[in-house]
Amino acid sequence: MSDTTADQPSNANGEGQSRFNSLPINVLGQYVKDLSFENPNAPEVLLPGQPAPKVGVDVNVGAQPVAENVYEVTLVTRVEAKIGEKVAFLVELTYAGLFGLQGLPQEHHRPVLLIEGPRLLFPFARNIIGDVTRDGGFPPLLINPIDFADLYRRELTEEGPVGNA
């Protein structure tokens, strides 16, 4: 019988080590930094027979240092749904996480923070938006997954550096 635990898998030499200690990025905490839901044309837009709203989603990512090797990554999501010219609902969410980077060269901080940070935060932000739209009287909005690596590459080539890391 092995004396390793689920937290400490054996490496090739049979020595127990925490796999979390070997990862270059660690989630130290995550939180809602700002959340706004507006339903300006209720109850009209909630009446039966209304067409489905047209939904637009904008996502921005940022990162800033808060301590040595600790960064705050923000995932800012803005969702606007319209029925014709009327705003059905508007959601603005800034969801953030504190990330620790260990053993990672400085030149790799930016891409790790702006790709992996939001990738780890996104499912939680998506869930919050789904809950708040449902609580606002609409079907829960489930935003499609986002390729943050592609977003990072596109913003680098189109607009210069991404985020503040």
Side-chain angles (χ1 to χ4, degrees), residues 6-9 11-12 16-40 52-82 87-136 138-165:
D7 292 55
Q8 297 180 339
N11 64 14
Q17 69 179 18
S18 173
R19 69 183 177 102
F20 298 109
N21 290 338
S22 64
L23 295 176
I25 186 170
N26 292 305
V27 180
L28 305 175
Q30 56 190 53
Y31 45 93
V32 173
K33 195 160 183 169
D34 187 37
L35 173 61
S36 171
F37 178 82
E38 297 176 28
N39 197 350
K54 293 187 182 191
V55 178
V57 179
D58 291 316
V59 176
N60 291 299
V61 178
Q64 63 182 1
V66 294
E68 185 175 346
N69 292 323
V70 177
Y71 297 84
E72 180 188 56
V73 174
T74 55
L75 178 61
V76 180
T77 308
R78 184 179 191 280
V79 179
E80 184 176 51
K82 288 187 169 187
V87 173
F89 65 83
L90 176 64
V91 180
E92 294 174 326
L93 171 65
T94 300
Y95 195 73
L98 287 178
F99 293 89
L101 298 181
Q102 299 299 321
L104 192 65
Q106 184 68 34
E107 64 268 15
H108 296 296
H109 284 198
R110 180 184 217 81
V112 167
L113 290 168
L114 296 175
I115 295 170
E116 291 305 313
R119 186 184 64 78
L120 293 167
L121 295 174
F122 178 76
F124 300 96
R126 178 182 191 242
N127 187 59
I128 291 165
I129 290 170
D131 286 349
V132 77
T133 54
R134 182 200 62 227
D135 293 347
F138 297 91
L141 176 64
L142 300 177
I143 299 172
N144 288 330
I146 297 170
D147 182 349
F148 290 102
D150 182 58
L151 181 65
Y152 178 78
R153 281 190 298 272
R154 282 190 289 134
E155 289 190 20
L156 269 181
T157 57
E158 293 173 10
E159 299 176 13
V162 179
N164 304 326

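Everything quoted here is computed from the prediction, not taken from an experiment.
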Q | Flag, side chain of D147 to backbone of A149, donor-acceptor distance under 3.5 Å | A |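 Yes; at least one donor-acceptor contact below 3.5 Å.
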Q) So, the side chain of R78 versus the backbone of D58: is there a donor-acceptor pair under 3.5 Å, distance only? A)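 Side chain of R78 to backbone of D58, a donor-acceptor pair under 3.5 Å: no, none is there.
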Q: Kindly assign one of parallel, tilted or perpendicular to the pair Y71 and H109, based on the angle between their ring planes and the thresholds 30° and 60°.
A: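 Rings of Y71 and H109: perpendicular, as their planes differ by over 60°.
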Q. Is atom CD of E107 surrounded by more than 12 heavy atoms (other residues, nucleotides or ligands) closer than 6.0 Å?
A.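 It does: E107 CD has more than 12 such atoms within range.
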Report yes if the side chains of [X] and [Y] come closer than 4.5 Å at any heavy-atom pair, otherwise no.
{"X": "F148", "Y": "L75", "answer": "yes"}
{"X": "V73", "Y": "P118", "answer": "yes"}
{"X": "R153", "Y": "L156", "answer": "no"}
{"X": "Q102", "Y": "N69", "answer": "yes"}
{"X": "V61", "Y": "Y152", "answer": "no"}
{"X": "N127", "Y": "Y95", "answer": "no"}
{"X": "R134", "Y": "D131", "answer": "yes"}
{"X": "V91", "Y": "T77", "answer": "no"}

Where is the tightest heavy-atom contact between [X] and [Y], given as atom of each residue plus distance?
{"X": "A81", "Y": "V55", "result": "CB-CG2, 3.9 Å"}
{"X": "R126", "Y": "I143", "result": "NE-O, 2.5 Å"}
{"X": "V32", "Y": "L35", "result": "CG1-CB, 3.8 Å"}
{"X": "L104", "Y": "P24", "result": "CD1-CB, 4.0 Å"}
{"X": "A63", "Y": "L113", "result": "CB-CB, 4.1 Å"}
{"X": "L114", "Y": "G62", "result": "CD2-C, 3.8 Å"}

For the atom pair [atom1] ([X]) and [atom2] ([Y]), what is the distance rounded to the nearest 0.5 Å?
{"X": "K82", "Y": "L90", "atom1": "NZ", "atom2": "CG", "answer": "10.0 Å"}
{"X": "L98", "Y": "Y31", "atom1": "CG", "atom2": "OH", "answer": "4.0 Å"}
{"X": "Q64", "Y": "E72", "atom1": "CD", "atom2": "CD", "answer": "5.0 Å"}
{"X": "E68", "Y": "L101", "atom1": "CD", "atom2": "CG", "answer": "11.5 Å"}
{"X": "N26", "Y": "L120", "atom1": "CG", "atom2": "CG", "answer": "10.0 Å"}
{"X": "L93", "Y": "K33", "atom1": "CG", "atom2": "NZ", "answer": "12.0 Å"}

Q.
Assess the residue pair V27 and F99 against the criterion (side-chain contact (heavy atoms from CB on, under 4.5 Å)); give the C-alpha distance rounded to whole Å, side-chain angles, the decisive distance to 0.1 Å, and a yes or no.
A. CA-CA 5 Å; V27 180; F99 293 89; 3.5 Å; yes
